[in-house]
Amino acid sequence: MLSDQAFVRYQRQIALPEIGESGQRDLNNAHVLIIGCGGLGSAASLYLASAGVGKLVIVDDDKVEASNLQRQIIYRQNQIGQLKTTAASDQLLAVNPDTRIRTLDKRMDKPQLELEVMLADVVLDCSDNMPTRQMVNQVCFEQNTPLITAAAIGWQGQFSVFDYRDGESKANACYRCLFPFNELKQASKCSDSGVLGPVVGTLGNYQAIAAIQLLATGQFIVATEMLHLFNGLTLEWKTLAISQDSHCSVCGTSEQDANYLCEKPL
């Protein structure tokens, strides 16, 4: 049973037939792993804490800089120089003191990532580099843990959901089927190409929506194994199906060694 205080706090989303009281209880008992506390992680974590997700684990090894404030909306001017995980935790608890926050302010190697993913109900990849995304994808696939990933640069953004739970994933594509490489040749960081803050926030909000769908209803309502492309100039979305690569080193059927993804900490 929800307390009277909780019912009042969450009544607007409890009123949604897809959520209701049972869905809200599931959110309160949920455990979400967020890798990256930049623009994506800022938006996603704020909405997940506000929605009543019971436990958030946030991972980032950076400190808050003045240039972050244009798009990483969880941080404040007086937090410049603090660890992002500490600063984000303070803001999340200010939004919802009932959410339990655990922080990791270092890069994880594969064994630690495996443990964190195993404990989580869903993983949000909010990182900003391809090696991290590939390692997170591999571990989520191996641990049968759903993955919600997004990226944004300039005026463009992309968003995908992969349901790796038992019986849901083995015949479907994974993130590496979409991007079968570890490095991007073109500029992929905001410092290199620039980015509009609301574009990043839009993609982070989509990650939060997908996570709430899964945690409150037990399934994704948004289509999985699809690439959703956002154009911030035209405000248009395009959606493309992701086909499984039979030679994929993570989910494919051919015998390849996927361990090379795990040599360096993310």
Side-chain angles (χ1 to χ4, degrees), residues 30-36 40-41 43-45 48 53 56-57 59 108 110 113-152 157-182 184 188 202-230 237-254 256 258-259 261-262 266:
H31 178 150
V32 178
L33 173 63
I34 302 177
I35 300 176
L40 297 167
S45 62
L48 291 175
V53 170
L56 296 176
V57 178
V59 184
M108 292 186 289
K110 190 186 179 191
L113 178 61
E114 288 175 331
L115 177 60
E116 295 297 337
V117 170
M118 180 182 67
L119 296 172
D121 296 309
V122 64
V123 175
L124 273 61
D125 180 5
C126 302
S127 63
D128 64 356
N129 65 88
M130 187 59 71
T132 295
R133 294 172 192 157
Q134 295 291 15
M135 186 189 290
V136 172
N137 173 69
Q138 181 186 352
V139 172
C140 286
F141 182 85
E142 293 171 349
Q143 297 279 3
N144 299 312
T145 301
L147 170 64
I148 304 170
T149 182
Q158 62 187 39
F159 161 81
S160 296
V161 173
F162 299 93
D163 193 347
Y164 293 146
R165 292 176 294 178
D166 285 334
E168 300 290 338
S169 66
K170 301 311 179 184
N172 295 326
C174 76
Y175 182 83
R176 193 169 183 85
C177 296
L178 179 62
F179 296 108
F181 41 78
N182 289 348
L184 291 173
S188 62
T202 296
L203 276 298
N205 289 342
Y206 265 66
Q207 288 182 282
I209 292 170
I212 291 170
Q213 286 181 2
L214 174 67
L215 298 171
T217 72
Q219 62 185 355
F220 289 111
I221 300 173
V222 63
T224 61
E225 288 78 47
M226 303 289 288
L227 176 63
H228 304 266
L229 299 172
F230 177 65
W237 285 90
K238 293 182 179 179
T239 303
L240 306 172
I242 304 172
S243 298
Q244 186 178 36
D245 180 359
S246 62
H247 297 288
C248 175
S249 58
V250 173
C251 70
T253 56
S254 62
Q256 296 185 36
N259 291 328
L261 294 176
C262 314
L266 59 84

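The first residue in the sequence is number 1, and the count goes up from there. All values derive from a computational prediction rather than experimental measurement.
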Who passes side chain to side chain contact (heavy atoms under 4.5 Å, CB included) against A216, sequence neighbours left out? I19, L27
Calculate, to the nearest 0.5 Å, the distance between atoms CD1 and CE belonging to I35 and M108 respectively. 4.5 Å
N/O donor-acceptor pair under 3.5 Å between N182 side chain and P131 backbone: no
Please assess E142 against E114 for the test side-chain contact (heavy atoms from CB on, under 4.5 Å), listing each intermediate value before the final yes or no. CA-CA 9 Å; E142 293 171 349; E114 288 175 331; 4.0 Å; yes
Which residues share a side chain to side chain contact (heavy atoms under 4.5 Å, CB included) with M226, sequence neighbours left out: A223, H228, T239, A241
I need the single residue from L40, I212, L48, V122 that forms a side-chain contact (heavy atoms from CB on, under 4.5 Å) with Q207. Which is it? L40
Please report the shortest heavy-atom distance between S45 and L56, naming the atom on each side. O-CD1, 4.0 Å
ring-ring contact (aromatic ring centres under 6.0 Å, His included) partners for F230, two or more places apart: W237
Closest non-hydrogen atom pair, G157 against L203: CA-CD2, 3.8 Å
Taking only residues two or more places apart in sequence or in another chain, which ones pass side chain to side chain donor-acceptor pair (under 3.5 Å) with Q158? none
Of all heavy-atom pairs between C248 and R176, which one has the smallest distance, and what is that distance? SG-CB, 3.9 Å
List the steps and the verdict of side-chain contact (heavy atoms from CB on, under 4.5 Å) for V136 and T149. CA-CA 10 Å; V136 172; T149 182; over 6 Å; no
In terms of relative ring orientation, are F181 and F179 parallel, tilted or perpendicular, with 30° and 60° separating the classes? perpendicular
Heavy atoms only: give me the nearest E225-D163 pair and the separation to one decimal. OE2-N, 3.3 Å
I242 and C174: which non-hydrogen atoms are nearest, and at how many Å? CG2-O, 4.4 Å
Sub-4.5 Å side-chain heavy-atom contact between F162 and N172: no
Atom pair CG/CZ of L227 and F159 - distance to nearest 0.5 Å: 10.5 Å
Side-chain heavy-atom pair T145, L33 within 4.5 angstrom cut-off: no
Going from CG on L147 to OG1 on T224, what distance comes out if it is rounded to the nearest 0.5 angstrom? 11.5 Å
Sub-4.5 Å side-chain heavy-atom contact between I148 and L214: no
In Å, rounded to the nearest 0.5 Å, how long is the span from CE of M135 to CZ of R133? 14.0 Å
Distance-only, no hydrogens or angles: does the Q213 side chain make a donor-acceptor pair with backbone N or O of V222 under 3.5 Å? yes
S127: partners by side chain to side chain donor-acceptor pair (under 3.5 Å), with sequence neighbours left out: D125
Within a strict 4.5 Å, meaning less than it, do heavy atoms of the C251 and Y164 side chains meet? no
